[in-house]
Amino acid sequence: MTWTVASLLIAFTIFGWGAVLFLRREHPPLDALEIAGLGKQWMWEFRHPGGQREINELHVPVGKAVIVSLASQDVIHSFFVPAFRVKQDAVPGRTTHVWFIASEPGRYHLFCAQYCGAQHSEMGGWVTVMPPQEYAAWLGNQGQGETLAADGEKLFRALGCSGCHGNSSKVRAPDLAGVFGRPVALDNQQTVIADDRYLRDSILNPKKEIAAGYEPVMPSFDGLVDEQELQMLLAYLKSLSPRATRESGATQ
Ligand code: HEC
Ligand SMILES: [Cu+2]
């Protein structure tokens, strides 16, 4: 009895200890900086919220939570920074997330940890962790680009999304302001949270989930937008919901 109960308690203690870490992993701080990462054969491309673009380099501020939202243009890649103890697959057709707080300035190796073709071994680079002021100065020196969300807004017009979702539209389509993180009632009586997964499917596979009260008239944009454009559209849709909790969106 004693041995059984004692080992049970030990097992539960270790389980609880580990489970807390998994929960924390699923819930990045709400003020985290979100960087869009895209894996492709054979490089990592990153875009900062201000639109600054980097290839095989990632600059982040020290002491601040950073979420890297990952997508892949071709095959499965894996974002791996051994010094931060984080590794996350980038899977085609999905947005995945990894977050970390870098505690010491420096340069750290970034790898692709998923065999992804002939030049897999060369796919990688460096994460540079800088004090906040230096990071701000670095961002300022990267040239004046459009923000990711502004690029998304342009696409939103160019692709004709605004023709249906705009205010003056003749088609009845949901208002997308505030959609990110909001519960959406579907016509099959279910309710889902409009997270990254939902927004992505709404654009690429709109017939899969129809918002209650609307006709299924939205065309699929599968093949018309690539992963990079999808990241811009998602950034734009998220920017319409500035105070949405990222919690639901961060668990895929
Ligand atoms: C032909 C009109 C039309 C066009 C063009 C269109 N949509 Fe839609 N969209 C709709 C309608 C109608 C719905 C609601 C029915 C449904 O869920 O499919 C919808 C639903 C959505 C939803 C889910 C919203 C919610 O509240 O559940 C998102 C996100 C969305 N559209 C984004 C886009 C984006 C981004 C584009 C451009 C790439 C776009 N739409 C182009 C008509 C359109
Ligand atoms: Cu790779």
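Remember, predicted model here, so these are calculated numbers, not experimental data. Remember, it's 1-based here, ligands and their atoms both numbered in the order they're listed.
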Full working for salt bridge (charged side-chain N to carboxylate O under 4.0 Å, His left out) between Glu229 and Lys154
CA-CA 10 Å; Glu229 291 168 331; Lys154 276 200 202 134; over 6 Å; no
Side chain to side chain donor-acceptor pair (under 3.5 Å) for Gln88 and His97? Distances and angles first, verdict last.
CA-CA 7 Å; Gln88 171 66 52; His97 296 86; over 6 Å; no
Derivation and outcome, side chain to side chain donor-acceptor pair (under 3.5 Å), residues Glu45 and Gln228:
CA-CA 10 Å; Glu45 189 174 317; Gln228 214 160 9; 2.4 Å; yes
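Under a hydrophobic clustering in which Ile, Leu, Val, Met, Phe, Trp and Tyr are joined whenever their side-chain heavy atoms come within less than 4.5 Å, directly or via other members, Leu234 and Val184 fall into the same cluster. Hydrophobic clustering (ILVMFWY, side-chain heavy atoms < 4.5 Å, transitive): Leu199 and Val192 are in one cluster. Cluster membership for Ile35 and Val127, using ILVMFWY side-chain heavy atoms within less than 4.5 angstrom, is shared. Linking Ile, Leu, Val, Met, Phe, Trp and Tyr residues whenever their side-chain heavy atoms come within less than 4.5 Å leaves Tyr108 and Ile55 in two separate clusters.
Checked against the 6.0 Å centroid threshold, His48 and Trp138 count as a close aromatic pair. For an aromatic pair to be called close, the ring centres must be under 6.0 Å apart, and His77 with Phe79 fails this.
Using a 4.0 Å cut-off to heavy atoms of Glu215, the atoms of ligand 1 that qualify are 12 (C), 15 (C). Close approach of ligand 1 to Glu209 (heavy-atom distance below 4.0 Å) involves ligand atoms 17 (O). Against a heavy-atom cut-off of under 4.0 Å, Val217 is close to the following atoms of ligand 1: 1 (C), 12 (C). Atoms of ligand 1 lying under 4.0 Å from any heavy atom of Gly160, numbered from 1 in the order shown and given with element: 5 (C). Near Pro219, meaning under 4.0 Å from any of its heavy atoms, are these atoms of ligand 1: 1 (C), 4 (C). Every atom of ligand 1 is numbered from 1 in the order shown, and the set under 4.0 Å from a heavy atom of Leu199 is 29 (C).
Annotation: atom 16 (C) of ligand 1 to nearest protein heavy atom, Ala211 N, 3.7 Å. When only non-hydrogen protein atoms are considered, atom 25 (C) of ligand 1 lies nearest to Tyr198 OH, 3.7 Å.
Checked by atom type and distance alone, the side chain of Thr96 pairs as donor or acceptor with a backbone atom of Asp89 at under 3.5 Å.
For Pro216, no heavy-atom contact with ligand 1 is shorter than 4.0 Å.
In this structure, Arg197 pairs ionically with Glu209, as a charged nitrogen and a carboxylate oxygen lie closer than 4.0 Å.
Ring pair His120/Tyr115 is perpendicular by interplanar angle, where above 60° counts as perpendicular and below 30° as parallel.
Of all protein N, O or S atoms, those under 2.8 Å from atom 8 (Fe) of ligand 1 number 2. Of all protein atoms, those of element N, O or S that lie under 2.8 Å from the Cu ion (ligand 2) number 4.
Considering backbone and side-chain N/O atoms, Tyr214 never comes within less than 3.5 Å of an N/O atom of ligand 1.
Of the candidates Asn205, Leu233, Thr95, Asp195, Arg200 forms a side-chain contact (heavy atoms from CB on, under 4.5 Å) with just one, namely Thr95.
Assignment of Lys207 to the shell around ligand 1 is not supported, since no heavy atom sits closer than 4.0 Å. Under a 4.0 angstrom heavy-atom cut-off, Ala194 registers as lying outside contact with ligand 1.
Residues Leu159 and Val225 form a side-chain contact, since some pair of their non-hydrogen atoms from C-beta on lies under 4.5 Å apart.
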